[in-house]
Amino acid sequence: MRANQRITENCQRIFATAEDKLRRLVSAHPDYLPQYTRNGKWKHDGVPWTNWCQGFLPGQLWLLYLYSGDEFWRGLAERYCELIEARKDDRETHDLGFLFWHSWKRWHDLDGEARQRDVVIKAGQTMGLRFKEKGGYLSSFVAPESAFIDIMMNVGIIFYAARETDDAALFNIALQNCLTSRRYLVRGDGSAVHEGIFDLETGAFLRESTHQGWRHDTSWARGLSWAIYGFCTACLFTGDPRFLQTACDCADYYILNTPAHGICPNDWLEPNPARPYEASAAAITASGLQDLAGIVGDPLRARTYQDYACRIVEGLSEPAFLASDDPEWEGILKQAAYHERLGLGVDESTMFGDYFFLESAAKLLKLI
Ligand code: GLY
């Protein structure tokens, strides 16, 4: 079978699996917005750690609508978007990009209505309120002195809000966060630091830290995936070649340090990891690399990133990851990890892993 045909068939299987699993989720648990599975089931009493995943279910519903053209999915996508609208004013989270970009922004892209745009703008403006002048970063939900690499996935919504409202000060907030993250949260070898701790009085960078990696100075895979994708988005909004370079450095680290099948562990520097895979980070990377291939310029690098994204999606389409042949498993993508250190959702499905897996397939099928 030719490679293109194989990729297309894999993507169709991913969407067919998503249709099956999501139809069951929305009928078994209407209006429920889960974060991770336990023993393959979405509904359980596990703690959320932080409540940041509510945009990924409406995001998946929109992708199913784009794939199928079926109004059933559009109706659900709109309903699940409405469920989270109030969170545009939520000042407790640094994840408003995750909440609104794949849900309300997708809705606006499809319909072009001012109301949807205004919700996305408000979420971006709320996100901008986290900015710390001293240090030049957006603070994480953990503490005012904490900056997360994950926030690189949430600056896109600030750039967008700033551009739509012609707000140069807001644009500068997003820009400063990207520059600070580039300086302190990406190392010279292209690996990412999960968290940077700053001095609130002086703005000085104090130290590296982590919540979900092996150790403060090691290399948490999902953080790197957010960096690849996030710096690419920052380059798309600013045209700044420094962000393109950083996205490439992070992508090259991923490729260099991951086995040939393309599926990374939770932390590349964890000695003898008990679990070999963190499938959600691989799915996020497969999507980010496709964006990077589109803007990198050099045709050889573009080919490398696009081919690697295909390799990841192929790997994740194997039965060990894609839950197509496991009717009892409620998620789409197995062997993801929500929070290894806290033992939450480890070797399970996660809403973000499922979302970015579907997004990667949607990009390969040129639906988005
Ligand atoms: N943003 C939190 C995580 O990646 O788990």
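For ligands, and for the atoms within them, numbers begin at 1 and follow the listed sequence. On a predicted model such as this, the values are computed, not experimentally measured, just so you know. All heavy atoms count here, side chains included; hydrogens, waters and symmetry mates do not.
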message: Between Arg130 (side chain only) and Thr93 (backbone N and O only), is there a donor and an acceptor less than 3.5 Å apart?
response: yes
message: What's the separation between atom NZ in Lys363 and atom CD in Gln306, rounded to the nearest 0.5 Å?
response: 10.0 Å
- prompt: Is there a donor-acceptor pair under 3.5 Å between the side chain of Gln35 and the backbone N or O of Cys53?
  reply: yes
message: Using only atom types and a distance under 3.5 Å, with no angle test, would you say the side chain of His29 pairs donor to acceptor with the backbone of Tyr32?
response: no
- prompt: Quick check: does any side chain N or O of Lys21 sit under 3.5 Å from a backbone N or O of Ala323, one acting as donor and the other as acceptor?
  reply: yes
query: With distance as the sole test, does Gln116 use its side chain to make a donor-acceptor pair with the main-chain N or O of Glu113 at under 3.5 Å?
result: yes
Please produce the table of protein N or O atoms sitting under 3.5 Å from N or O atoms belonging to ligand 1, one pair a line, distance to 0.1 Å.
residue: ligand 1; atom: 1 (N); partner: Asp150; partner atom: OD2; Å: 2.8
residue: ligand 1; atom: 4 (O); partner: Arg222; partner atom: NE; Å: 2.9
residue: ligand 1; atom: 4 (O); partner: Arg222; partner atom: NH2; Å: 3.4
residue: ligand 1; atom: 4 (O); partner: Trp226; partner atom: NE1; Å: 2.9
residue: ligand 1; atom: 5 (O); partner: Gln212; partner atom: NE2; Å: 2.8
residue: ligand 1; atom: 5 (O); partner: Arg222; partner atom: NH2; Å: 2.4

